[in-house]
Asker: 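Handing you a structure now.
A quick note: this is a predicted structure, and the numbers were derived from the prediction, not measured.
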Amino acid sequence: MGRKLYVGNLSYNVSSSDLEQLFSSHGTVQSATVIADRATGQSKGFGFVEMGSDDEAQAAINALNGRDFGGRPLKVNEAQPRPAGGGGGGGGGGGGGRRGRW
């Protein structure tokens with residue numbers, strides 16, 4: 001079990017300090033971050049919290065997953081590592097088109 005938790009379905013006005021306060025009643029919060037859009041600064045509606053121990057992380061999941069916070073039921077679970085390659089980006093090339101053959 002990892003100490004880093006994914007927190008989803010956040011209200012768009014929840015701040016990182018709000019997350020830290022919420023999770024601190026379940027153990028030591030090492031970090032709490034709400035993810036924001038780089039261009040607009042608007043929350044993306046999810047974040048990550050790193051707890052001090054695996055036991056504290058599990059206690060936070062048990063207590064907060066599904067709990068109403070800011071009018072929305074939270075989704076709290078163990079954060080999963082990003083897939084290799086960083087995801088996103090889209091396809092490459094294609095190119096081709098119809099070109100005459102010499």
Asker: For A60 and F23, work out which heavy atoms get closest and say how close.
Answerer: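 So the two residues come closest at CB-CD2, 3.7 Å.
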Asker: Can you give me the closest heavy-atom contact between A36 and G41, atom names plus distance?
Answerer: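 Heavy atoms only, the tightest pair is CB-O, 3.6 Å.
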Asker: Between I61 and L64, is there shared hydrophobic-cluster membership here, with clusters defined by ILVMFWY side-chain heavy atoms closer than 4.5 Å?
Answerer: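 Per the 4.5 Å side-chain linkage, I61 and L64 are co-clustered.
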Asker: Show your reasoning for whether side-chain hydrogen bond (donor to acceptor under 3.5 Å, both in side chains) applies to Q58 and N62.
Answerer: CA-CA 6 Å; Q58 190 60 56; N62 293 342; 3.0 Å; yes
Asker: Any heavy-atom pair between the side chains of F69 and L22 that's under 4.5 Å?
Answerer: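 Contact flag for L22/F69 side chains = yes.
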Asker: Hydrophobic clustering (ILVMFWY, side-chain heavy atoms < 4.5 Å, transitive) - are Y6 and I35 grouped together?
Answerer: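 Result: yes, single cluster for both.
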Asker: Could you check whether any side-chain heavy atom of L5 comes within less than 4.5 Å of a side-chain heavy atom of E50, counting everything from C-beta outward?
Answerer: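 A side-chain contact is absent here, since even the closest heavy-atom pair is not under 4.5 Å.
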Asker: Determine whether V49 and K4 make a side-chain contact, defined as any pair of heavy atoms from C-beta on separated by less than 4.5 Å.
Answerer: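 No, too far: nothing below the 4.5 Å cut-off.
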Asker: Could you tabulate the donor-acceptor pairs under 3.5 Å formed by side-chain atoms of residues 12-19, not counting sequence neighbours?
Answerer:
| from | atom 1 | to | atom 2 | distance (Å) |
| --- | --- | --- | --- | --- |
| N13 | OD1 | S11 | OG | 2.7 |
| S15 | OG | S17 | N | 3.4 |
| S15 | OG | S17 | OG | 3.0 |
| S15 | OG | D18 | N | 3.1 |
| S15 | OG | D18 | OD2 | 3.2 |
| S16 | OG | V34 | N | 3.0 |
| D18 | OD2 | S15 | N | 2.9 |

Asker: side-chain hydrogen bond (donor to acceptor under 3.5 Å, both in side chains): which pairs involve residues 20-34, sequence neighbours left out?
Answerer: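 Found none.
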Asker: Quick one: side-chain hydrogen bond (donor to acceptor under 3.5 Å, both in side chains) pairs with a partner in residues 39-48, sequence neighbours left out?
Answerer: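 For residues 39-48, and leaving out neighbouring residues, the side-chain hydrogen bond (donor to acceptor under 3.5 Å, both in side chains) pairs sorted by first residue read D37-T40.
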Asker: What pairs of residues pass the side-chain hydrogen bond (donor to acceptor under 3.5 Å, both in side chains) test when at least one of them lies in residues 65-77, not counting sequence neighbours?
Answerer: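 Sorted result for residues 65-77: N9-R72.
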Asker: Quick one: does any side-chain atom of E56 pair with a main-chain N or O of G52 as donor and acceptor, under 3.5 Å?
Answerer: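 Looks like yes, one N/O pair under 3.5 Å.
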